[in-house]
Amino acid sequence: MKVLISPMSAMVETKGPFSRTTLLANECIKRGHEVALCAPEDANYHSIHKVKNYYAPVPSLLGTPVFIGKSMLKIFQSLGIQPKKKANSFEDVLHFIGAINRRYFLKDVSSIRKAIQEFKPDVMYSEFRISAIVAARLEKVKIATGFSYPVQKSFASNPEYSKGVNKYLKDNGLNKVESVLEIFDWADVKIIPSSYELEPVGGEDIAFVGPLSAPEGTDAKTEKNKIIAYMGNGVITPKQVIKELTKAFEGSDYEVYIASEQVKPFEENNIIVNKKFDFSKLMPEARVYINHGGQNSIMTGLIYGVPQIVCPGGVFERRYNASSVAKLNAGVLLEAHDFNYETIRRIVDDFNENPIFASSANIAGEKLLSLGGVRNAVQVIENLVLK
């Protein structure tokens, strides 16, 4: 079987899509399939052994020329500024990163169609990239797509951003849409790397597979003395994260690990800052996981049974994820204006005193792991070819 995988792209750091792409590609290869990518080589991209990558353009912020978009991003990063714009829907996110800009969308679909024509896949997988679904429709190739509860049009949408995509659809003989999020419904199957309890999406074309990665097993007796923080491109700057967590836990019995690509690594007493850590080694010993609410982060905390402090800012998907964790009693949603050392220390103390948080996280994690992860996701993709 030949599988073409097309992950979404952005100039900014957003590790989830490409990390899931890597897991899927490697599992497909393990099962004897031939894999190719059509992935823009952005800041999150890295080559995968034995996998060819067909060219695709990188979107630029708000559809601006690439050199302007890069300049805007560098200014944000050099000044430690996090964008304050509230993301109301996934459509709003796609507009902001430039993925549904009229000129970019045309180039992106064209690049994927060229990859299809050269590679001739039996099936495709789109990692939240609607241009790949359109390309598959035009080239008459079956396609599975990544999906989640908050990217549904019924959850939230911004139809005012659909004009450029609709022009392309009309020019190519396809039906126009009110919202570009409707294009997800064109896929043959939607793969959700979560559970129904967390993301209650219904329909015959839905497959819940849980997080694609899974722990190899942990020792329940391991001492849990670590606090882990990863805020990605959240509303809280790395400098603020370091400042508040240092004030909260410096000199305590906790080891505090703060992951950020935007600051220089250092280690002082029990505070360790680095660009990245091997979470599979740290999480079994974690007491608390502080994160921005990205899907990968939420899943990581749950499968290791670690209570979470989630600070999602104004991003719609992250707020949904944070509220789901809070409803399960597996953590709390922390508003950005409350991100301070006193509040964080109080929440950590509450987690220690109330075992329901760790217990609830463990129960949710066990359910997620029972869904099969990346093996089940690839099985779903294989089944499309057999239909």
Determine, stepwise, if the pair D338 / T343 fulfils side-chain hydrogen bond (donor to acceptor under 3.5 Å, both in side chains). CA-CA 7 Å; D338 289 326; T343 301; 5.2 Å; no
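- Y320 is linked by a ring pair (Phe, Tyr, Trp, His ring centres under 6.0 Å) to Y149, F155, counting only residues two or more places apart in sequence or in another chain.
- For the pair K226 and Y257, the cation-pi test (distance below 6.0 Å, angle within 45°) is failed.
- Panel note: side chain N101, backbone Y104; a donor-acceptor pair is recorded below 3.5 Å.
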Listed pairs under 3.5 Å, donor-acceptor, residues 358-369 side chains, sequence neighbours left out:
unit_1: S360; atom_1: OG; unit_2: L328; atom_2: O; d: 3.3
unit_1: S360; atom_1: OG; unit_2: I356; atom_2: O; d: 2.8
unit_1: N362; atom_1: ND2; unit_2: A358; atom_2: O; d: 3.1

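- Shown here is K142, whose NZ atom has more than 12 heavy atoms of other residues, nucleotides or ligands within 6.0 Å.
- In this structure, the side chain of D188 engages the main chain of I143 through a donor-acceptor pair within 3.5 Å.
- Using the six-membered ring where Trp is involved, F90 and F316 have ring planes that are tilted, between 30° and 60° apart.
- Applying the salt bridge (Lys or Arg N to Asp or Glu O under 4.0 Å) criterion to R113, with sequence neighbours excluded, gives E139.
- Using cut-offs of 30° and 60° for the angle between ring planes, the F249 and Y254 rings count as perpendicular.
- Aromatic ring orientation, F279 versus Y289: perpendicular (interplanar angle above 60°, classes split at 30° and 60°).
- Using a cut-off of 4.0 Å between Lys/Arg side-chain N and Asp/Glu carboxylate O, D108 and R129 are scored as salt-bridged.
- Side-chain N or O atoms of E91 include one that pairs as donor or acceptor with a backbone N or O of N158 at under 3.5 Å.
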